[in-house]
Engineer: 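Here you go, one structure.
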2 protein chains.
Amino acid sequence: MDTSRETDLNTEQKIKEAARKVFLEKGFDGAKLKHIAQEADVNIALVNYYFRSKEQLYKSIFLEAFKNFFGTIYHLLNDELPLEIKIWKLIDRYTDFLAANPHLPLFVLSELLKGGGVLITDLEMPKLLKTSHFVMQLREEGERGTIRKVDPIQVLSTLIGTLVLPFMAKPIITLIADFENEEQFRVFLENRKTVVFEMVMGYLRSR
Amino acid sequence: MDTSRETDLNTEQKIKEAARKVFLEKGFDGAKLKHIAQEADVNIALVNYYFRSKEQLYKSIFLEAFKNFFGTIYHLLNDELPLEIKIWKLIDRYTDFLAANPHLPLFVLSELLKGGGVLITDLEMPKLLKTSHFVMQLREEGERGTIRKVDPIQVLSTLIGTLVLPFMAKPIITLIADFENEEQFRVFLENRKTVVFEMVMGYLRSR
DNA sequence: ATTCATTTTAAAAAGTCATTTAAAATCCTT
DNA sequence: AAGGATTTTAAATGACTTTTTAAAATGAAT
């Protein structure tokens, strides 16, 4: 019986996990096969043996990250709940999700903006957002006058932007706010949930 | 007499402008001296002749970008204006500033997070934000009850996050919103100004 | 135990990139 | 126009990376 998690994984999985870590931290160009192989504790040639090329390995990691990033939002947006509760849940869960995957936003956005590898037009996930339950809900309640009439894209941008920024700007926030340990940053994130919630709900309810 | 702007510049300036463009678009690792030299229409060896090394050239570009990014915020935050007017001006001007420098946020944040080159602790600019007129103003008016008591870092994060996101996520927003030309994105940005303004002011005034 | 497929390794090969070199071209001063 | 400094170029260098190769190790099936 083997108790360590490392050795449970087969070589292919080990390499993929190592690649995920290195690519997410350094991006395609910054990541070297040497780093990935070291991280996986494996011979460099094995990376190509299992994945044919750096590019192919990268693509599988990127697509996975991309789906994870938007899939999580999509899932939360389609939860059939009253607007206010759904917004709270989105803020709460997505913050926790990002805390567990802090490199995801910057990786996905910066690699997308460089546009080197994957064609953005092939990526179905983001398109689905505009037919999500949440967007319909904003429209309907806007019509009914329960909330202000809004452009759903603006609301989505605001939500995602406010939730995602702390992770992309962590070094700067830490500097400005004089955080001295991880705990203080964690508290900041926890407070952030209510700030964002009150701000967005206040906006929707006003008028 | 020479009417074109290109040829007015001396070689060193030409290289620096080319480097700014390429580094901002591709980051340190993605940018190759070949690209920079091509963009500047110059022999590769000249880049090293004028700047000694890729690293040194990069550092001068990064620091300039960093100061530009935070300097612009800092300047706007220290404008001695009533809170509401200042917030509007910040949103309006910073959006226009970013529209003219759309790669700046992702470049600065992602290069900072990788942490390769410049030490973040050496960068004075962000520290200044917490002693800015704006932050003092938030505190004072919070005490006086003119606005809600807030954590200034939360407000700053929200403002910067909401303003900066459209530029970092432009490909995705374009996809979700079905923008078919630049003009539609421009309109989105213009509308965004009032959305952000109303949201932030609503939050500060509530309670 | 032998055979065969799979996995792993070390080393070579091929390619890319930043940097250096030395010669050539240009410019400026006299 | 000649001389000397500055700028520019093509080519070489050397370090590093990805990919390929072929042999070695491992493991499973007979």
Side-chain angles (χ1 to χ4, degrees), chain A residues 1-2 4-63 107 110-111 114-118, chain B residues 1-2 4-63 107 110-111 114-118:
Chain A
M1 200 208 289
D2 192 343
S4 85
R5 185 139 305 161
E6 302 290 329
T7 41
D8 292 340
L9 302 170
N10 64 32
T11 307
E12 192 173 345
Q13 291 170 317
K14 250 167 58 185
I15 293 172
K16 198 158 186 186
E17 286 205 3
R20 183 160 34 238
K21 177 157 188 264
V22 177
F23 276 135
L24 274 260
E25 281 174 14
K26 312 213 187 200
F28 178 78
D29 295 304
K32 306 296 171 194
L33 288 184
K34 192 180 50 168
H35 303 141
I36 295 174
Q38 271 168 4
E39 180 74 31
D41 194 30
V42 129
N43 188 294
I44 283 194
L46 271 190
V47 179
N48 281 319
Y49 174 73
Y50 282 107
F51 295 93
R52 290 180 47 90
S53 73
K54 180 186 177 184
E55 177 125 2
Q56 196 157 314
L57 175 57
Y58 170 76
K59 277 190 181 156
S60 78
I61 298 293
F62 176 80
L63 275 151
F107 172 71
S110 68
E111 298 292 307
K114 280 202 277 251
V118 185
Chain B
M1 198 208 291
D2 192 345
S4 85
R5 184 139 304 160
E6 302 289 330
T7 41
D8 291 339
L9 300 171
N10 65 31
T11 307
E12 191 173 346
Q13 291 170 317
K14 251 166 57 186
I15 293 172
K16 198 157 187 187
E17 286 205 4
R20 182 160 36 238
K21 177 156 188 264
V22 177
F23 276 135
L24 274 263
E25 281 173 14
K26 313 213 185 201
F28 179 78
D29 295 307
K32 307 297 171 192
L33 287 187
K34 191 179 51 165
H35 303 141
I36 295 173
Q38 271 168 4
E39 180 75 30
D41 194 29
V42 131
N43 189 294
I44 284 192
L46 271 190
V47 180
N48 281 318
Y49 174 73
Y50 282 106
F51 295 94
R52 289 180 50 89
S53 73
K54 181 186 178 184
E55 177 125 3
Q56 197 158 314
L57 176 56
Y58 170 77
K59 277 190 181 155
S60 78
I61 299 291
F62 176 81
L63 277 156
F107 173 71
S110 67
E111 298 294 307
K114 281 202 276 256
V118 185

Engineer: Over how many whole Å does the gap from B/I36 atom CD1 to C/dT19 atom P extend?
Structural biologist: 11 Å
Engineer: Would you mind telling me which of D/dT19, D/dT8, C/dT9 lies closest to the side-chain atoms of B/T11?
Structural biologist: D/dT8
Engineer: Just the rounded figure in Å: distance from P of C/dT7 to CG of A/L46.
Structural biologist: 10 Å
Engineer: Return the orientation label for the A/F107 and A/Y58 ring planes: parallel under 30°, perpendicular over 60°, tilted otherwise.
Structural biologist: perpendicular
Engineer: Give a yes or no answer on whether the side chain of B/K54 reaches the backbone of B/F28 with a donor-acceptor pair at less than 3.5 Å.
Structural biologist: yes
Engineer: Side chain of B/K54 only, heavy atoms from C-beta on: which candidate in D/dT9, C/dT19, D/dT19 is closest?
Structural biologist: C/dT19
Engineer: Output the rounded distance in Å from OH (A/Y49) to P (C/dT7).
Structural biologist: 4 Å
Engineer: I need the CD-P distance between B/E55 and D/dA15, as an integer number of Å.
Structural biologist: 18 Å
Engineer: Nearest to the A/I44 side chain among C/dT19, D/dT18, D/dT20, which nucleotide is it?
Structural biologist: D/dT18
Engineer: Please tell me if A/K34 has a side-chain N or O lying less than 4.0 Å from either OP1 or OP2 of D/dT17.
Structural biologist: yes
Engineer: Of B/V42 and A/D29, whose closest DNA chain D nucleotide lies nearer the 5' terminus?
Structural biologist: B/V42
Engineer: If you only use heavy atoms from C-beta on, which nucleotide in D/dT19, D/dT17, C/dC17 is closest to the side chain of B/K32?
Structural biologist: C/dC17
Engineer: Which whole-number value in Å describes the distance from B/H35 NE2 to C/dC17 P?
Structural biologist: 7 Å
Engineer: Between atom CG in A/N43 and atom P in C/dT6, what is the gap in whole Å?
Structural biologist: 20 Å
Engineer: So what does B/A37 hit on the nucleic acid, given a heavy-atom distance under 4.0 Å: a base, only sugar-phosphate, or nothing?
Structural biologist: nothing
Engineer: Consider the side chain of B/N48, meaning its heavy atoms from C-beta on, and name the nucleotide among D/dT9, C/dT19, D/dT17 that approaches it most closely.
Structural biologist: C/dT19
Engineer: Could you state the atom-to-atom distance from NZ of A/K26 to C1' of D/dT17 in whole Å?
Structural biologist: 14 Å
Engineer: Salt-bridged, B/E39 to B/K21, with N to O below 4.0 Å?
Structural biologist: yes
Engineer: NZ of B/K26: more than 12 outside heavy atoms within 6.0 angstrom?
Structural biologist: no
Engineer: When you measure from the side chain of B/Y50, which nucleotide among D/dT7, C/dC17, C/dT20 comes out closest?
Structural biologist: D/dT7
Engineer: Rounded to whole angstroms, how far apart are CD on A/Q56 and P on D/dT18?
Structural biologist: 15 Å
Engineer: Is atom NZ of B/K32 surrounded by more than 12 heavy atoms (other residues, nucleotides or ligands) closer than 6.0 Å?
Structural biologist: yes
